[in-house]
Visitor: 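I'd like to ask you about the structure that follows.
The structure presented is a predicted model; accordingly, all values stated were derived computationally and were not measured.
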Amino acid sequence: MEGWWAASYIVLWLVVAALCAVVVALARQIGTLHLRLGPRGALEMDDEGPPLGEAPQLVAARAAATGESVSLGGPGRARLLLFASPGCMVCEQVLPGLGALGRRAGMAAFVVSQLDVEEANASFTGVGGRTPVLAAPDAFLSWSIPGTPYVVVLDESGSVRAKGTPNNLEQMEGLVDSARRRMAGVGLRESAR
């Protein structure tokens, strides 16, 4: 009987060692696939949000901090607009970097809220740092914003150059880079004419 027990323990340990080797090999393959696929960009759907290359309609907004009236859209400085809502966990993760991303890209960055001025001011105080918060309840509906967070990048003419649903700051950077490439492509085509 003792010989059978010893043999079964030896076989058991050999099977455990083989399983460990298989797990290590599979983990290595998963790492290789992850590196090959790379990070995914923000979800940019054609049928959501304002159409690419077109200027969305002007929408009245108010600065949450001052109550000053502003127009959302139209010609002006290139803008990075983050549509956000309180309680949105992804919004809370990307808000702190929004202003720095806008400054680095040479764009005016804004947080756009569906709340009224007082609620927006209370909900986003300190979250966005120095990024202005705009209360624009009508913008979500008229621009077909599917949900939050949602990013729209406008060029100087007020046309949409990039849009999408980011899940992290890296994806927002990808949208800004896409917009800058599209703006540079427009400039190259216009100068060739």
Side-chain angles (χ1 to χ4, degrees), residues 30-59 61 63 70-85 88-114 124 126-134 136 139-140 142-193:
I30 290 172
T32 302
L33 283 173
H34 180 70
L35 288 174
R36 188 174 296 162
L37 295 176
R40 295 192 55 162
L43 182 60
E44 192 172 22
M45 307 264 310
D46 289 336
D47 59 341
E48 291 182 344
L52 278 175
E54 295 181 20
Q57 73 180 56
L58 290 174
V59 176
V70 293
S71 291
L72 196 59
R77 186 174 171 200
R79 283 151 291 185
L80 172 60
L81 306 173
L82 173 65
F83 290 82
S85 59
C88 168
M89 294 178 67
V90 178
C91 298
E92 291 173 8
Q93 292 174 358
V94 297
L95 271 171
L98 180 66
L101 178 60
R103 284 188 298 278
R104 191 191 80 190
M107 299 176 179
F110 296 97
V111 176
V112 182
S113 172
Q114 198 169 9
F124 292 103
V127 178
R130 297 185 306 185
T131 307
V133 177
L134 302 177
F140 281 73
S142 58
W143 285 20
S144 302
I145 303 301
T148 59
Y150 196 80
V151 172
V152 176
V153 181
L154 301 175
D155 64 10
E156 290 84 7
S157 68
S159 297
V160 177
R161 290 298 165 200
K163 63 180 182 170
T165 304
N167 290 314
N168 54 43
L169 190 57
E170 183 178 60
Q171 289 180 348
M172 275 192 3
E173 289 173 346
L175 283 170
V176 169
D177 289 341
S178 294
R180 291 171 75 189
R181 280 194 307 274
R182 289 172 182 156
M183 285 188 264
V186 167
L188 292 175
R189 276 185 261 143
E190 287 176 356
S191 64
R193 288 182 184 172

Visitor: With rounding to the nearest 0.5 Å, note down the distance linking CE in M107 to CZ in R180.
Guide: 6.5 Å

Visitor: Testing the basics here: between G74 and L58, what is the closest heavy-atom pair and its distance to 0.1 Å?
Guide: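 Taking G74 first and L58 second, the nearest heavy atoms are N-CD2, 3.3 Å.
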
Visitor: Starting from the C-alpha separation in whole Å, work towards a yes-or-no answer on side-chain contact (heavy atoms from CB on, under 4.5 Å) for L95 and T131.
Guide: CA-CA 9 Å; L95 271 171; T131 307; over 6 Å; no

Visitor: Does any N or O in the side chain of R161 come within less than 3.5 Å of the main-chain N or O of M183, such that one atom is a donor and the other an acceptor?
Guide: no

Visitor: List the residues meeting side chain to side chain contact (heavy atoms under 4.5 Å, CB included) with S85, not counting sequence neighbours, and say none if there are none.
Guide: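 If we apply the side chain to side chain contact (heavy atoms under 4.5 Å, CB included) test to S85, skipping adjacent residues, the hits are C88, T148.
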
Visitor: Are side-chain heavy atoms of Q171 and N168 found at a separation under 4.5 Å?
Guide: yes

Visitor: What pair of heavy atoms forms the shortest contact from A136 to A61, and how long is it?
Guide: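 Closest approach of A136 to A61, heavy atoms only: CB-CB, 3.7 Å.
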
Visitor: Just to verify, what does V160 make a side chain to side chain contact (heavy atoms under 4.5 Å, CB included) with, not counting sequence neighbours?
Guide: P50, L52, P56, V152, L154, K163

Visitor: Measuring from atom CZ of F140 to atom OG of S113, what distance do you get when rounded to the nearest 0.5 angstrom?
Guide: 6.0 Å

Visitor: Distance check, rounded to the nearest 0.5 Å: T165 atom OG1 versus E48 atom CD?
Guide: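 Nearest 0.5 Å value for the OG1-CD distance: 6.0 Å.
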
Visitor: Quick one: closest heavy-atom pair of P149 and V90, and the distance?
Guide: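 Heavy-atom minimum between the residues: CG-CG1, 3.6 Å.
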
Visitor: Measuring only between side-chain heavy atoms, which start at C-beta, is L82 closer than 4.5 Å to M172?
Guide: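 Yes, close enough: below the 4.5 Å cut-off.
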
Visitor: At what distance, to the nearest 0.5 angstrom, does CH2 of W143 lie from CG of L72?
Guide: 4.0 Å

Visitor: State, to 0.1 Å, how close A84 and V111 come at their nearest heavy-atom pair, and which atoms those are.
Guide: CB-CG1, 4.0 Å

Visitor: Determine, step by step, whether Q93 and L169 satisfy the side-chain contact (heavy atoms from CB on, under 4.5 Å) criterion, reporting the C-alpha distance in whole Å, the side-chain angles of both residues, the deciding distance to 0.1 Å, and the verdict.
Guide: CA-CA 8 Å; Q93 292 174 358; L169 190 57; over 6 Å; no

Visitor: Looking only at non-hydrogen atoms, find the nearest pair between A179 and V153 and report the distance.
Guide: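 Minimum heavy-atom separation between A179 and V153: CB-CG1, 3.4 Å.
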
Visitor: How far apart are the closest heavy atoms of V176 and A105, and which atoms are they?
Guide: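 Shortest heavy-atom separation between V176 and A105 comes out as CG1-CB, 3.4 Å.
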
Visitor: Can you tell if the side chain of F110 reaches within under 4.5 Å of the side chain of V70, non-hydrogen atoms only?
Guide: no

Visitor: Is there a side-chain contact between L80 and L98 in this structure, where contact means two heavy atoms from C-beta onward sitting under 4.5 Å apart?
Guide: yes

